[in-house]
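In listed order, ligands and their atoms are each counted from 1. All values below were derived from every heavy atom in this structure, side-chain atoms included, with hydrogens, water molecules and symmetry-related copies excluded.
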Amino acid sequence: MEKLVVKGPTPLKGEVTISGAKNAAVAILPATLLIDGVCTIENLPNISDIKISCTILEKLGAKITWNDEHSITIDTSNITTTKAPLDLTSKFRASYYMIGAMLSRKGEIEVGMPGGCKLGARPIDQHIKGFELLGANVTVEKGKIYAKAKKLKGCPIYMDIVSVGATINVMLSAVLAKGTTIIDNAAKEPHIVDVANFLNTMGADIRGAGTDVIKINGVERLKGNATYSVVPDQIEAGTFMLAAVATKGDLLIKNCITKHLESITAKILEIGGNVEDNGDSIRVWCNKRPNKATIKTLPYPGFPTDLQPQMGVVLSLANGTSTINESIWDSRFQYTEELNKMGAKITAQGKTAFFEGVKKLSGAPVYSSDLRAGAALVIAGTAAEGETEIYNLEHIDRGYENIEEKFRSIGANIQRITE
Ligand code: EPZ
């Protein structure tokens, strides 16, 4: 078993470079199934979700060459099966993108029910609604999803809920459909724009990604033969911004798109931190105890749920009592119990948590319940006095590239230990 051992407190200082976005990359990889040929994808984060995605694609018949640890050349001209390995697809959430992509490419797919972080109920009814409106039959039984279609036909699709996954999945299934699909009430996250940009680079005709109406004119085929670089990770950048505030540090966060970070910047300024926006890098520093705040997580451009636990660490150390309302997931406050073991005073009731700020946290053994909870505990351990041991690292490794190396490079005393 592995654990991270963090000794604090350390104000994080220096420069850190952001990797490619996990939630864009895990959609772009299945999107290569739409290409009848070869393409190169660069700036892939070196994380376990990407490795599993690549293995699934290989099992479907794709040929992958690793150019370096962040770049692959993938040939999807010979897809040999429509059965994705059930054990792998049920390991992570984004395996559901195989459905949209394979429906387009082969008209058929069988995958395991998607896994991923346990954040409460994670229905996929909006994905299924989209596939069915485009003309597919979808059945869910015995932990498997089976979808089949003769020829998908474009149509208007109104999303009953703003969903990142359903928006991308419908985009994937509509790219090669006959006619035009219009997704109304679409999600607007940067990774949606990135997937659309990737598909357009390969020959798709998608307009409006990044707004709540996306128009997809179906094309005959995607030509491939192009290179695409994944957008920088908004959530990893936000994680380091909040780490700078929580540890009263000073970080220059490089290779990010600061436009994607506006909701985080606004909250950091509101609680008394400092932000300098340089366009493709952002400096965040804080030399005093942050002020209390009220946060509500919302779809983009609102405050992201994927930074809620990291913000929770900041607010657990703030002056006064703060409130977070988690409006996306039913069960994303599991990390608060771990922070309380470190001396925080947090009361979580359903989708709201109250943070009575304390002056300091102290090290303790803690368990990461999901990916972003794990990142929050790394920040908390760095800010806390004494030694924190963080367990369940498989969650963190799914989405953060070399987390301990990046934290060490900005001054944290952090080691990965195999017991
Ligand atoms: C994506 O999950 C991200 N994962 C999540 O990041 C992120 O928290 C979430 O979007 C919200 O931003 C990936 O991109 C792989 P949704 P997704 O569909 O697509 C409800 C992380 O830490 N809903 O936007 O699964 C759903 O229950 C992870 O990186 C339906 O009701 O999220 C939720 O309340 C965790 N029916 C809301 O919509 C559906 O068919 C938003 O979910 C789909 C979703």
Side-chain angles (χ1 to χ4, degrees), residues 19-31 45 47-50 52-53 89 91-100 113-133 138 140 145 157-172 183 185-195 212 230-231 233-239 260 263 296-311 325-332 334-335 351 368-376 394-401 403:
S19 300
K22 169 186 95 91
N23 288 343
V26 293
I28 287 173
L29 287 174
I47 53 175
S48 64
D49 270 10
I50 294 302
I52 300 176
S53 262
T89 45
K91 271 201 172 139
F92 73 129
R93 196 78 202 152
S95 56
Y96 52 33
Y97 294 134
M98 301 288 164
I99 310 174
M113 278 302 275
C117 292
K118 298 208 172 0
L119 310 170
R122 297 189 76 173
I124 55 163
D125 56 300
Q126 296 303 303
H127 304 237
I128 294 175
K129 169 180 155 172
F131 300 143
E132 288 180 340
L133 284 169
V138 185
V140 181
I145 305 171
I157 297 174
Y158 176 80
M159 295 285 173
D160 300 316
I161 208 157
V162 178
S163 159
V164 170
T167 301
I168 294 179
N169 233 339
V170 169
M171 235 162 50
L172 295 177
I183 308 176
N185 200 24
K188 298 181 279 212
E189 270 66 6
H191 24 297
I192 290 178
V193 179
D194 206 42
V195 177
D212 47 20
V230 177
V231 71
D233 197 314
Q234 173 209 20
I235 302 300
E236 191 196 14
T239 299
H260 297 164
S263 62
K296 180 170 184 170
T297 63
L298 287 169
Y300 188 82
F303 191 91
T305 173
D306 292 348
L307 288 171
Q308 186 263 101
Q310 301 88 317
M311 184 51 129
N325 176 238
E326 169 56 58
S327 84
I328 310 288
W329 300 115
D330 290 337
S331 183
R332 206 168 205 177
Q334 297 162 70
Y335 74 91
K351 290 173 91 167
S368 157
S369 53
D370 59 77
L371 169 59
R372 309 301 171 186
E394 65 281 5
H395 295 300
I396 304 178
D397 294 337
R398 282 192 32 231
Y400 284 92
E401 175 170 338
I403 195 161

Any atom of ligand 1 sitting under 4.0 Å from a heavy atom of [X]?
X      : value
Ala187 : no
Lys129 : no
Phe92  : no
Arg398 : no

Item to check | Parallel, tilted or perpendicular, as decided by the 30° and 60° cut-offs, for the rings of Tyr96 and His127 | outcome: tilted
Next on the checklist: Show, in sequence, the C-alpha distance, side-chain angles and deciding distance for Thr305 and Glu326, and conclude whether the side chain to side chain donor-acceptor pair (under 3.5 Å) test is met.
Outcome noted: CA-CA 7 Å; Thr305 173; Glu326 169 56 58; 3.0 Å; yes
Please indicate whether any nitrogen or oxygen in [X] is less than 3.5 Å from any nitrogen or oxygen in ligand 1.
X      : result
Tyr97  : no
Ser163 : yes
Val164 : yes
Ile328 : yes
Gly165 : yes
Trp329 : yes

Checklist entry - Are side-chain heavy atoms of Tyr400 and Arg372 found at a separation under 4.5 Å? => result yes
